[in-house]
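Take a look at the structure below.
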Amino acid sequence: KDGHTFWSNLSATLVRDPQTDALVETIVIVQDVSERKLIEAALEQSEERYRLLAESTKDMIMRVAPDGRRTYVSPAAYALTGYTPQELMAEPRINIAYPDDVSASVEAFHKAMASGKNYFHVEQRILHKDGHDLWVSLSFTLVRDPQTGALVELIGIVQDITERQQAQETLKQALEKEHQLNLMKTRFVSTASHEFRTPLSVILSSTETLLNYRAKMDEQQVTSRLNKIVQQTLFMNSIMEDVLQLARIQTGRFDFRPEQGDFSAFCKEIIEDFATQPDQQGRVRAVITPTPVRLAFDQRLMRHVLNNLISNALKYSPAEKPIYFDLITESNQVTITIRDEGFGIPPDDLERLFEPFYRAKNVAHIEGTGLGLSITYEAVVLHGGTIKAESTEGVGTTFTVTLPL
């Protein structure tokens, strides 16, 4: 603003629409590299001026012989790497490059040599003496013999860009989160419109029938249609309740109330509820430890977890196939496994199983919103537990829930 100029390094990220690949915006990081430019200018003018600048800058400067020996390392090395300049010059075997990133700078060096260029630049991680890694910008000038063109030495500037890299990663994660949120919104609109269409059609047709033909209908026919309206209204209400429940949990507004109780008895109660259903009698085969299992758990949430996993196993299995429920207590945790011999889950769908509104491709013909497992996942995490799914398509699926005692 005051009129003076300075050298900068511009890093631009192009953000594209994931569907159309159209450019949405450009995110630019501007970094002041005036010190580095001053050092490069000083190198061209005099060795002494170079040394003075090199020893006063916060960036690490080093000179490397063709055989890899460091012949000069500036004082900034200690703040950056934890090693003193004397350590780095005396012990060539000290390799500060992060093992997985070594190839990047080696490849850039060989490319510069092969093309005759006198400069190369890479961004990679290095290892601090205490073991942690940090991101740096490596800028190397290749000094060649003016007659033969042979490499005389490399002069490198090592600049800490960890904060910039972290900012880029945070930005990337934020963009990914926004993208996932947009996908979730799209799936919600699609799922809600699809799931509401059928019950609304039933309600509309039943209502029109009652309005137009009630005088000609007997009491049983009227009651039948009113029951249909009630059932479909309750179904739509359950969908909305699932949406609100998930939103409350994810935003931290859910009233989580874990209380000490006998988890073994709780599981037996839920199994008995399924056993009383006429079409499910004998299908749930449970092995539950007979001794009380003392556990702090929220009954509302845990009832949803078990009901959802058991009902899914029953729903996605042939009617003649049983499902298996096991409760195992170990020294510091309780493990619940629910296994079925049903359709199974395709491998591509397995990793996205707990995303809101996501449903496996092979069960799209079966009624469901794709919210049950999302709520189940969040409920298990609230209890400090874990949940995982293993499945083979056409063979069956096993869900494993672990909860800390």
[atom1]-[atom2] distance between [X] and [Y], expressed to the nearest 0.5 angstrom:
X: Arg339; Y: Arg285; atom1: CZ; atom2: CZ; result: 10.0 Å
X: Asp340; Y: Asn312; atom1: CG; atom2: CG; result: 9.0 Å
X: Ile387; Y: Tyr377; atom1: CD1; atom2: OH; result: 9.5 Å
X: Ile126; Y: Leu134; atom1: CD1; atom2: CG; result: 4.5 Å
X: Ile157; Y: Met62; atom1: CD1; atom2: CE; result: 10.5 Å

Can you classify the ring geometry of [X] versus [Y] as parallel (below 30°), tilted (30 to 60°) or perpendicular (above 60°)?
X: Phe354; Y: Phe399; value: perpendicular
X: His128; Y: His132; value: parallel
X: Phe120; Y: Phe140; value: parallel

Below 4.5 Å, heavy atoms only, C-beta onward: do [X] and [Y] meet side chain to side chain?
X: Leu405; Y: Val293; answer: yes
X: Phe263; Y: Met302; answer: yes
X: His383; Y: Phe256; answer: yes
X: Leu154; Y: Phe109; answer: yes
X: Ile96; Y: Leu127; answer: no
X: Thr337; Y: Ile328; answer: no
X: Met217; Y: Leu210; answer: yes
X: Glu269; Y: Arg303; answer: yes

Going by atom types alone, do Arg164 and Gln31 pair a side-chain donor with an acceptor below 3.5 Å? yes
Compute whether any side-chain donor of one residue and acceptor of the other, for Gln124 and Ser105, lie under 3.5 angstrom apart. yes
Can you spot which of [options] makes a side-chain contact (heavy atoms from CB on, under 4.5 Å) with [X]?
X: Gln232; options: Leu204, Asn227, Val202; result: Val202
X: Phe274; options: Asn307, Leu306, Ile323; result: Asn307
X: Val401; options: Thr335, Leu309, Val334; result: Leu309

I'd like to know whether Glu107 forms a salt bridge (charged side-chain N to carboxylate O under 4.0 Å, His left out) with Lys111, so could you lay out the CA-CA distance, the side-chain angles of the two residues, the decisive distance to 0.1 Å, and finally the verdict. CA-CA 6 Å; Glu107 184 180 347; Lys111 279 185 178 179; 3.5 Å; yes
I'd like to know if the side chain of [X] reaches the main chain of [Y], judged simply by a donor and an acceptor atom lying under 3.5 Å from each other, with no hydrogens or angles considered.
X: His179; Y: Asp17; result: no
X: Ser311; Y: Asn308; result: yes
X: Ser8; Y: Leu10; result: no

From CA spacing to verdict: side chain to side chain contact (heavy atoms under 4.5 Å, CB included), Ile310, Phe325: CA-CA 8 Å; Ile310 294 171; Phe325 182 102; 4.0 Å; yes
I need the single residue from His121, Glu123, Arg36 that forms a side chain to side chain donor-acceptor pair (under 3.5 Å) with Ser137. Which is it?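 The single option meeting the side chain to side chain donor-acceptor pair (under 3.5 Å) with Ser137 is His121.
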Name the residue from Asp101, Asp100, Asp133 that meets the side chain to side chain donor-acceptor pair (under 3.5 Å) definition with Arg125. Asp101
Take Tyr324 and Glu341 through the test side chain to side chain contact (heavy atoms under 4.5 Å, CB included) and record every step on the way to the result. CA-CA 9 Å; Tyr324 303 90; Glu341 298 174 352; 3.7 Å; yes
For Ala76 against Lys58, the heavy-atom pair lying closest together: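 Shortest heavy-atom contact: CB-O, 3.3 Å.
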Are there more than 12 heavy atoms of other residues, nucleotides or ligands under 6.0 Å from atom CZ of Arg294?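 Yes, enclosed.
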